There are 2 protein chains.
Amino acid sequence: MQLTPMIESFVYHFGEMGSRWGFNRTVGQIYALLVISEEPLCANEIGDLLGISRGNVSMGLKELGSWQLVQVIHKQGERREFYQSRGSIWDMANRVFEERRKREMDPTLSLLRDIMMDEAANQEEIYAQKRITEIHDLLENITEWTQSLQSLSPDKLNTLMKLGSGVGKVLEFTDTFLSKKEPAKKT
Amino acid sequence: MQLTPMIESFVYHFGEMGSRWGFNRTVGQIYALLVISEEPLCANEIGDLLGISRGNVSMGLKELGSWQLVQVIHKQGERREFYQSRGSIWDMANRVFEERRKREMDPTLSLLRDIMMDEAANQEEIYAQKRITEIHDLLENITEWTQSLQSLSPDKLNTLMKLGSGVGKVLEFTDTFLSKKEPAKKT
DNA sequence: TTGAACTTTCAGAATTTTCTGAAAGAATAA
DNA sequence: TTATTCTTTCAGAAAATTCTGAAAGTTCAA
């Protein structure tokens, strides 16, 4: 594999963005490389292409492994290990969501719940609890929602995505549908 | 305002999480403080409560201002400026999404589009372009989708959120609905 | 068991990010 | 105008993160 200008710009950009998605520049670059390479790459080749140390490659691959974003390939008669990105682009996005949820949402929700259980000691804490409850409910909704999206089959998800701004229309329609099915229930 | 243990744990946790959402620890803490304080706070008070320098508070507030997450309040007969979190929790989440989209998605989409326009020079680049196109389409879908969610009215959004895992059901239903309305069109 | 070819680990170096505090700037009152 | 009370800026300090490369670990063939 060779770093043509096209591939280089993709890899570097992914490096910059990577840090936003919860991993560092090098990890982003390694992953970008593996995603657009048809052939699995070995650790030395990755280090050479990106101009980073062998140790750094090792740590990056370990990190990507913990995110389940790469898999190790063993080639016939090769002692070296080769690495490949894992799953489809959809799977990749799902993994990133999943991982972020575990690292960011879950601990936050747990803390907020704890605070909600506490006895408010004064006026200020009563107000604080009110706000914290709002935040908790919002985060919980978002979490449940993304989880339910993740459990949809890929082609259903695709349909949903393609709907785009049609979501509003679907919702109106769903409203009438729901109120017909359950006329007694009010939102 | 005083930092009781309850409020302190909330503020510190938000500080840690803040960096995940695109701003640093101090900015997260300042924002957390403003969110759970019923009264607007002045810059000195914020600095004292968090134990950070006056200059740092100023920079943090500037950052939050650029995100449109805080607003300045002028009190009768006070020379100092007071700060308050702006809008509802929903608004806050929207602002964060919006800002992240601008900073992360838009530049990436633009780069990917550029690469897609390039002429592939060899087999490797042909494969790379294929993958890049997949990523582009996925990101574009997600972007359009979140934008359409953002343009929904808060109460519609709420309904949608409350649907949770009902999304699957709605989708099935939508399928039949769509195929009845547009029987000629195939996905 | 040895040696070759690889991988992993981790202390300290390099780099990047964040924070401080002094100085400069702005608004207002007298 | 000057004094007072606030805010902002930014160079350099401090802290946090990331990276390197040598050493230790692993695997396997002979």
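Being a predicted model, the structure only gives us computed values, none of them experimental. Keep in mind that the numbers below use all heavy atoms, side chains included, and drop hydrogens, waters and symmetry copies. Chain A is the first sequence line, chain B the second, and so forth, proteins listed ahead of strands; every chain is numbered from 1.
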> If two hydrophobic side chains count as joined below 4.5 Å and joins carry through other members, does Leu139(A) share a cluster with Val96(B)?
Replying inline: yes

>> Pick the closest DNA chain C nucleotide for Tyr83(A) and for Thr26(B) by heavy atoms, then say which residue is nearer the 5' end.
In response: Tyr83(A)

> Asn44(B) CG to dT4(D) P: how many Å, rounded?
Replying inline: 18 Å

> Glu63(A) CD to dT18(D) C1': how many Å, rounded?
Replying inline: 12 Å

> How long is the line joining CZ of Arg80(A) and P of dC28(D), in whole Å?
Replying inline: 16 Å

> Thinking salt bridges, do Arg113(B) and Glu140(B) make one under a 4.0 Å N-O criterion?
Replying inline: yes

> How long is the line joining CD1 of Ile30(B) and P of dT7(D), in whole Å?
Replying inline: 13 Å

>> If I take atom NE2 in residue His74(A) and atom C1' in nucleotide dT26(D), what distance separates them, rounded to the nearest angstrom?
In response: 12 Å

>> Under 4.0 Å, heavy atom to any atom of DNA chain D: which of residues 50-61 of chain B qualify?
In response: Arg54(B), Gly55(B), Ser58(B), Met59(B)

> To the nearest Å, how far apart are Asn24(B) CG and dA15(D) P?
Replying inline: 16 Å

> For the hydrophobic clusters of this structure (ILVMFWY residues joined by side-chain heavy atoms under 4.5 Å, transitively), does one cluster hold both Ile52(A) and Ile7(A)?
Replying inline: yes

> Between Lys62(B) (NZ) and dA26(C) (P), how many Å, whole number?
Replying inline: 14 Å

>> Reading DNA chain C from 5' onward, which residue's closest nucleotide shows up sooner: Arg25(B) or Arg79(A)?
In response: Arg79(A)

> What integer distance in Å separates Glu78(A):CD from dT27(D):P?
Replying inline: 18 Å

> Applying the salt bridge (Lys or Arg N to Asp or Glu O under 4.0 Å) test to Glu98(B), which of Arg95(B), Arg101(B), Arg100(B) qualifies?
Replying inline: Arg101(B)

>> Angle between ring planes, Trp145(B) versus Trp145(A), binned at 30° and 60°: parallel, tilted or perpendicular?
In response: parallel

